[in-house]
Amino acid sequence: MNDPISDEGALLRAQLTERLRAAGHARTPGVAEAFREEPRHLYVPRFIRQHRTDDGGWRTEEVSEGHPHWLSEVYADQVLLTSTWPNMSSSTVPSLMADMLDALDVRPGMKVTEIGAGTGYNAGVLGRLAGDENVLSVDVAPELVAAARASLASAGHGKVSVICADGGSAEPLRADSADRLIATCGVDDNPVGWLRAVRPGGRIVAPVGAGVAVLDVDEQHGAHGRFLATAAYFMGLRPVDGSPLMVRPDAPDGPAKPCGMPLTAWEETRFTFLVSFALPSADVLTDTPADGGLVIWHRDGSIAHITGDGTAKQAGPRRLADLLGQLWAEHVAHGEPPHDAYRMSVTPGGERTVTGEYQGATWPVAPRHAEQDASVVSEGPP
């Protein structure tokens, strides 16, 4: 007897795959076939929608098998939030998954390590590409590991290994143990353990800042490569002991001064990608107040409120509005380059260098670290 959910899921899955292909995703035949065959609904039996309420709060709605649109939404090209704080997890947008898997270039028999098991869906797709016995997925949350194992087993991938460990630590990753490493969580720098885990000639595909880096590992376990053209916003790599919450500083009460960054720039993903190099996501938070504008604050107590009239108030050791204005000027001067205009190299010790290459010009993107004075920014184009 046929299972109506499985039958409808197969039809929706085929339609999703065709839409992905038509839009330029899942370009390699193996990736397209894996999406066509892997049942996403087994990994997302429920997901959560959050709606903004009139009083500025949030209302949570759970969508599961009994919901009339559950299956069609599972096979839509959208991110699905599956758990909330403190162990937030989601199922990544399929088009972005496909772009990353195309870039990873997995072939049968390759050893693949995934950082961030999440629902297990990506590990299932990797199992179809490399062979289940060749896939290791790592997650720090025991409940997510247990759920991913169960979902993978129900989808026929019982030989995929899912372990509970800190994916940012070198401990669970043996040296030269992988031909490919993919991360489904965001980082601001590639952990050294990832570089050591991948054999020379292997590849790492990982969200860095607000983009996705595709890096080939050299004989010394350094890595070099480029960014994909697409923007990417992933939940950050979560350490075992968690990350301390950032306390929002008091609103700046000084005089409003002209800000070099127009408020509309914050909607430009090309620009926020550049900002992610200067202000690591682990150190900043933002908010859009009811009266409009943008509030951004830093872990060190710095805060800026930028309004639609082109002015900003700021306070704290880091002059955030000034930094954003200077970054915007750099971005415009270089022709507002896209994500894939940037290249990245990482030394075996983890030191990162980013270079822009666009419209015949090449320039270094100055390294900026949390401990640096944010008033120091790179000079304009030569």
Ring centroid separation for Phe277 and Phe227, is it under 6.0 angstrom?
yes
Can a side-chain donor-acceptor contact be found between Asp102 and Thr28 if the only test is distance below 3.5 angstrom?
yes
Restricting to non-hydrogen atoms, name the atom on Arg318 and the atom on Asp300 that form the minimum distance, rounded to 0.1 Å.
NE-OD2, 2.8 Å
Is there a path of hydrophobic side-chain contacts, each under 4.5 Å between heavy atoms of I/L/V/M/F/W/Y residues, joining Val205 to Tyr233?
no
For the ring pair Tyr342 and Tyr358, is the centre-to-centre distance below 6.0 Å?
no
Within a radius of less than 6.0 Å around CD of Gln50, do more than 12 heavy atoms belonging to other residues, nucleotides or ligands occur?
yes
At their closest point, which heavy atom of Ala130 faces which heavy atom of Val106, and how far apart are they?
CB-CG1, 3.6 Å
Ignoring hydrogens and angles, state whether a donor on the side chain of His67 or Glu62 is under 3.5 Å from an acceptor on the partner side chain.
no
Under 3.5 Å, is there a donor-acceptor pair between the side chain of Tyr75 and the main chain of Arg40?
yes
Do the non-hydrogen side-chain atoms of Glu357 and Trp363 ever get within less than 4.5 Å of each other?
no
Could you see if Leu11 belongs to whatever hydrophobic cluster contains Ile5? Use Ile, Leu, Val, Met, Phe, Trp, Tyr and a side-chain cutoff under 4.5 Å.
no
Quick check against the 3.5 Å criterion: does Gln78 have a side-chain atom that pairs as donor or acceptor with the backbone of Glu73?
yes
From Asn190, Leu195, Val198, residue fulfilling side-chain contact (heavy atoms from CB on, under 4.5 Å) relative to Leu181
Val198
Indicate yes or no for a side-chain donor-acceptor contact from Ser151 to the backbone of Ala147 under 3.5 Å, with no hydrogens or angles considered.
yes
Answer yes if the side chains of Asp77 and Ser95 hold a donor-acceptor pair under 3.5 Å, and no otherwise.
yes
Looking at Leu144 and Ser83, what are the two nearest heavy atoms and their distance?
CD2-OG, 4.2 Å
Once you round to the nearest 0.5 Å, how far does CZ of Arg174 lie from OG1 of Thr113?
8.5 Å
